[in-house]
Structure formats: structure tokens, C-alpha cells
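Data block below; observations after.
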Amino acid sequence: MKKVYTCFCTDVIHEGHLNIINEAKKYGDVYIGVLTDEAMIKFSRFPTLNFHDRLELVKGLDGVKDVLVQDEIMYDGIISKLKPDYVIHGDNWKVGPMKAVRDNVERLLSAYGGQIIDVPYTYNDNVKRIDAQLNEKLSMPEYRRKRLKQLIALRPIVKTIEVHSGLTGLIAEKTIVEHDGEFDQFDAMWVSSLCDSTAKGKPDIELVDMTSRFRTIDDVMEVTTKPIIFDGDTGGLTEHFVYTVRSLERMGVSAIIIEDKTGLKKNSLFGTEVEQTQDSIEHFCEKIAAGKKVQLTDDFMIIARIESLILDRGMDDALTRAAAYVKAGADGIMIHSRKKDPKEILTFCDLFRKTDKETPIVVVPSSFNSVTEAELAEHGVNIVIYANQLTRSAFPAMEQTAKDILKYHRAQEVDSRLMPIKDIISLIEEL
């Protein structure tokens with residue numbers, strides 16, 4: 001019998017998968033690969049079932065010769081090992097990012113005479129309903145809230161992008177790229193105080209109240225499934241902070257980051273150019289401990305942001321504070337710098353990791369943007385946050401468009417650089 005191979009990355013078997021299997025059986029023995037969690041989250045949604053359960057789900061199907069583990073999106077390892085005569089897949093992989101996978105499979109099979117079988121993709125009301133149910137499950141607070149910790153365990157570094165609206169949330173949710181045979185997407189979303197304030201035309205001084213900021217979270221959560229990290233500024237008064245923690249946890253937010261400053265909040269990148277007061281270690285530890293005390297689950301994370309390097313207080317002060325904040329209960333440490341050279345940040349990470357191997361480290365490479373994710377991971381960083389790039393890229397584009405319309409007294413000159421409205425609408429799914 002000839003060998004027919006297909007790969008599943010699903011939490012539920014529906015008629016589309018059964019159709020693939022039935023077609024495959026016409027050509028020979030059916031072998032099914034199950035994509036690992038690590039591979040799946042590079043280009044698909046986060047699984048609602050763990051890998052073992054997804055493996056057992058496929059093993060229970062009739063007409064399957066064997067079930068294999070596929071640990072890469074590309075099929076090189078599987079095809080080298082199994083040498084299938086046919087690889088069968090829904091024809092949806094003929095377009096979009098998945099076309100790169102099909103092209104790679106075609107090249108591998110052609111080396112020994114294997115063939116691809118493209119089956120018309122099954123997408124009817126029933127399949128659409130199942131997909132919608134999976135997305136709804138992923139967006140539920142109890143599933144979304146714990147996903148950041150799961151990603152830290154699965155990913156070499158968790159890539160996080162700022163969002164400040166439902167539309168930017170959809171960009172973070174749906175943007176997938178293929179480059180040199182590798183797929184990638186953002187893992188999490190950062191609800192930035194700066195970008196949230198800027199979108200509302202307000203200064204970044206904690207002027208926008210929590211009710212308004214929670215509304216932004218609602219807008220993002222309504223159309224996305226990825227975990228959210230919330231920029232909590234200073235956290236405010238300890239008596240208020242505990243209510244913020246409880247509210248965010250109930251909403252399904254995964255983490256809050258608070259900075260160890262007091263008084264009127266100013267953006268950290270001003271450094272010592274404006275008056276900024278760093279909180280005492282004792283008081284900030286009390287705030288962290290109070291927040292941890294009111295949590296109802298172990299899923300939610302309170303991450304302490306250290307401003308010592310921003311305020312030129314030195315490396316020793318930053319490391320002393322990091323150790324104290326972890327002892328007080330902080331689930332992670334964010335270290336920040338306004339220098340363009342990443343050396344200061346990498347030095348902190350190396351020194352911190354000498355005494356603490358486990359506590360997640362978060363960095364925001366806004367100034368030191370030459371450093372790569374791989375370099376950060378080598379120095380023990382777990383989460384990288386691209387904290388304001390979407391806002392900063394949108395503003396000059398919109399401003400130039402406005403100027404050109406005023407200049408030419410019509411919109412024709414700007415049309416070539418505008419995204420078609422139908423492409424924007426296609427991001428938004430209708431019920």
C-alpha cells in the first residue's frame with residue numbers, strides 16, 4: 001500500500017477533517033501528523049487542548065494507519081522519515097502564508113516522484129460555527145488569562161505588540177509572516193498607557209482614568225483571543241491598586257506592569273530631563289504584596305518595572321530592587337533604559353540571571369531597537385514588548401495624507417498608498 005500523509009493542527013475533528021481522511025484512504029494507508037504546540041502557535045491560534053489530548057483525538061479516528069508528531073510547520077523532517085507517496089491537504093494552502101508550506105512540500109516530493117493532493121476546503125455553516133466556538137473559547141477570561149504563562153513556557157521569547165483599539169488588536173491578532181521558511185506572529189498584546197492616552201488626544205500623565213482604559217481592553221478583547229499585558233503606570237495608591245488587580249484578573253487580562261515611581265507620572269524616556277521621583281523599595285514592595293494578596297487565581301501576573309537605569313541610579317540599585325521586588329511576590333521584572341546601545345540592559349539581564357534563573361524578564365526596546373529577539377533570549381529575556389510602534393507609524397502616515405488632501409484639493413494623489421477599504425473590512429468578521 002502507498003503512504004498518504006496529512007497534518008492536523010486542530011482541537012476538534014469536524015467534517016472537513018473527515019473528508020480529508022476519506023479522500024486519503026482512496027490512495028493508500030493514511031498517516032496523520034499532529035503539530036506540536038510550539039509549532040502551532042507560530043502561525044495558528046493557540047490550542048485549547050494540550051498536545052497529548054490532541055494526539056489522542058487523532059488516534060481515535062477510524063481508517064488511520066499511524067499518528068506521527070510533526071514538530072515543525074514545514075514538512076522536511078516528516079517527509080524525510082516517512083517518504084509518503086502523497087501529501088493531502090485542503091486547497092486553502094494554495095494562497096496566503098501557507099502557500100510557502102505547499103511549495104516546500106512540492107519541492108520535497110518531487111525529489112522522488114511523490115505528489116500533492118489538493119482537496120476542496122470544507123467551509124460551510126457547521127464548520128464556521130465550530131471555528132467561531134473555538135475562538136469564543138479562546139477569548140474567555142479563564143482561558144486567555146493563563147495564556148501568557150503558558151507562552152513563556154513554550155516560546156524562546158514572547159513577542160508583544162502595542163494595541164490601543166479593536167482595529168489594532170485585529171492587526172496584532174491576524175498578522176502572520178513567512179520568511180525563509182519560518183512562520184511567525186505576535187504572541188501577546190500590550191495595552192500601553194502612552195498609546196491609549198495618545199489615541200484619545202490626552203497627555204501621558206495618568207490622566208485617562210481606569211474606567212476609560214478598561215473600555216479599551218473591552219474593545220480589544222471583543223475581537224481577539226491573544227493574552228493582554230496592561231500598562232499600569234505607577235499603579236496609583238496601594239488602596240486603589242488592589243481594585244485594579246482584581247478588575248483586570250476578572251476581565252481576563254494576563255498581567256499588569258507597574259513602575260517604581262511616585263508623584264505625577266512622566267514618560268520614562270524623558271529620563272532626568274523632567275522631575276521624576278523613584279518610589280522607595282519598601283513602599284513599592286508593599287504595593288506588590290498587596291496586589292498579590294487579593295488575586296483569586298495563580299494565572300495573573302504582577303510585573304515590577306524598575307526605573308533605576310532610566311534615572312541614572314546605577315546597576316547596583318536596579319539589581320537590589322529586582323531582588324526585593326521578586327521577594328515581595330513580583331511575577332516578573334521589567335528593566336528599562338533610554339540608551340540606544342542595549343549593553344546596559346544586557347548587562348542587567350546577565351547579572352540578574354546569575355542569582356535568579358526563573359523569574360521572567362521583560363524588556364521594551366524602544367530606544368535600544370537594534371537588538372534582536374534572539375540576542376535578548378540569549379541573555380535570559382522572556383518577553384519583548386514593542387510598546388508604541390503601531391501608534392508611531394500611523395501618525396505620520398495620517399498626517400501626510402491630511403496634508404496632501406489639503407494641498408491637492410482632492411484625494412486622488414493619496415490613493416496609491418491607502419489600504420483598500422475592503423481589505424480593512426475583511427479583518428472584521430461578521431457573526
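For clarity, every value in this text was computed on a predicted model and none was experimentally measured.
Taking the six-membered ring where the residue is Trp, Phe352 and Phe348 present parallel rings, their angle staying beneath 30° rather than reaching 60°.
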Donor-acceptor list for residues 113-127 side chains, cut-off 3.5 Å, not counting sequence neighbours:
unit_1, atom_1, unit_2, atom_2, d
Asp118, OD1, Trp93, NE1, 2.8
Asp118, OD1, Arg102, NE, 3.3
Asp118, OD2, Arg102, NE, 3.3
Asp118, OD2, Arg102, NH2, 2.6
Asn124, OD1, Asn126, N, 3.1
Asn124, OD1, Val127, N, 2.9
Asn124, ND2, Glu15, OE1, 2.9
Asn126, OD1, Arg129, NH2, 2.5
Asn126, ND2, Glu15, OE2, 2.9

Donor-acceptor pairs under 3.5 Å, side chain of residues 166-174 to any protein atom, not counting sequence neighbours: which ones?
unit_1, atom_1, unit_2, atom_2, d
Thr168, OG1, His164, N, 2.9
Thr168, OG1, Ser165, N, 2.9
Thr168, OG1, Ser165, O, 3.0
Thr168, OG1, Ser165, OG, 3.1
Glu173, OE1, Thr225, N, 3.0
Glu173, OE1, Lys226, N, 3.3
Glu173, OE2, Thr225, N, 3.1
Glu173, OE2, Thr225, OG1, 2.6
Lys174, NZ, Leu427, O, 2.6
Lys174, NZ, Glu429, OE2, 3.4

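Distance check, rounded to the nearest 0.5 Å: OG of Ser366 to NE2 of His336 gives 5.5 Å. Atoms CE and CZ, from Met189 and Phe230 in turn, are 13.5 Å apart once rounded to the nearest 0.5 Å. Distance check: Asp279 CG to Ile306 CD1 gives 12.5 Å after rounding to the nearest 0.5 Å. Atoms CE and CG, from Met210 and Asp233 in turn, are 6.5 Å apart once rounded to the nearest 0.5 Å. Here Ile361 contributes atom CD1 and Asp356 contributes atom CG; the two are 7.5 Å apart, rounded to the nearest 0.5 Å. Separation of atoms CD1 (Ile228) and OG1 (Thr216) is listed at 10.0 Å; rounding is to 0.5 Å.
A distance-only check finds no donor-acceptor pair linking the side chain of Ser80 to the backbone of Gly77 [under 3.5 Å]. Proximity of a side-chain donor or acceptor of Asp85 to a complementary backbone N or O of Lys3 within less than 3.5 Å is detected. In this structure, Thr359 contributes its side chain and Val326 its backbone to no donor-acceptor pair below 3.5 Å.
Within the structure, side-chain hydrogen bond (donor to acceptor under 3.5 Å, both in side chains) pairs that include any residue of residues 375-385 comprise Asp350-His379, Arg353-Asn382, Thr372-Glu375 (at least two apart or interchain). Sorted by first and then second residue, the ring pair (Phe, Tyr, Trp, His ring centres under 6.0 Å) pairs with a member in residues 169-189 read Phe43-Phe183; sequence neighbours excluded. Pairs engaging residues 288-299 under the side-chain hydrogen bond (donor to acceptor under 3.5 Å, both in side chains) rule: Glu249-Thr297, Lys292-Gln295, Lys292-Asp331 [sequence neighbours left out]. Screening residues 317-328 for side-chain hydrogen bond (donor to acceptor under 3.5 Å, both in side chains) gives Asp260-Arg321, Asp260-Tyr325, Ser308-Asp317, Asp317-Arg321, Arg321-Tyr325 as the qualifying pairs, with residues at least two apart or on separate chains. For residues 28-37, the set of pairs meeting the side-chain hydrogen bond (donor to acceptor under 3.5 Å, both in side chains) definition, not counting sequence neighbours, comprises Asp37-Arg54. The stretch residues 210-225 participates, sequence neighbours left out, in these salt bridge (charged side-chain N to carboxylate O under 4.0 Å, His left out) pairs: Asp196-Arg213, Arg215-Asp219.
Of all non-hydrogen atoms in Val30 and Gly63, the two that sit nearest each other are CB-O, 3.6 Å. Across every non-hydrogen atom of Ile88 and Thr6, the tightest pair is O-OG1, 2.9 Å. Ile41 and Gln185 make their closest contact through O-NE2, 2.9 Å (heavy atoms, listed as atom of the first residue, atom of the second, distance). The shortest heavy-atom contact between Glu373 and Tyr386 is OE2-OH, 2.7 Å. The two residues Ala304 and Phe284 come nearest to each other via the heavy atoms CB-CE2, 3.8 Å. What you find for Val381 and Val363 is that their closest heavy atoms are CG1-CG2, 3.8 Å.
Residues forming a salt bridge (charged side-chain N to carboxylate O under 4.0 Å, His left out) with Lys83 (at least two apart in sequence, or on another chain): none. For Thr355, the side-chain contact (heavy atoms from CB on, under 4.5 Å) test picks out no residue, with sequence neighbours left out. Scored by the side-chain hydrogen bond (donor to acceptor under 3.5 Å, both in side chains) test, Gln70 finds Tyr5 as partners (sequence neighbours excluded). Under the rule for a salt bridge (charged side-chain N to carboxylate O under 4.0 Å, His left out), the partners of Lys59 that lie at least two apart in sequence or sit in another chain are Glu56.
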Might you work through the side-chain contact (heavy atoms from CB on, under 4.5 Å) test for Phe241 and Thr234, ending with a clear yes or no?
CA-CA 9 Å; Phe241 177 61; Thr234 65; over 6 Å; no
Check against salt bridge (Lys or Arg N to Asp or Glu O under 4.0 Å), Arg45 and Asp131:
CA-CA 11 Å; Arg45 60 188 166 203; Asp131 283 344; 3.5 Å; yes
Apply side-chain contact (heavy atoms from CB on, under 4.5 Å) to Tyr86 and Lys2, showing your working.
CA-CA 8 Å; Tyr86 302 97; Lys2 293 190 174 183; 3.9 Å; yes
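Between the side chains of Ser337 and Glu344, a donor-acceptor pair is found at a separation under 3.5 Å.
Look at Glu307 and Arg305 and you find a salt bridge, because one of the NZ, NE, NH1 or NH2 atoms lies within 4.0 Å of a carboxylate O, short of that distance. For the pair Glu23 and Lys26, the salt-bridge criterion is met [side-chain N within less than 4.0 Å of a carboxylate O]. A salt bridge does not link Glu178 to Lys99: none of the charged nitrogens lies less than 4.0 Å from a carboxylate oxygen.
Taking a 6.0 Å sphere around CD of Glu142, one finds it holds more than 12 heavy atoms contributed by other residues, nucleotides or ligands.
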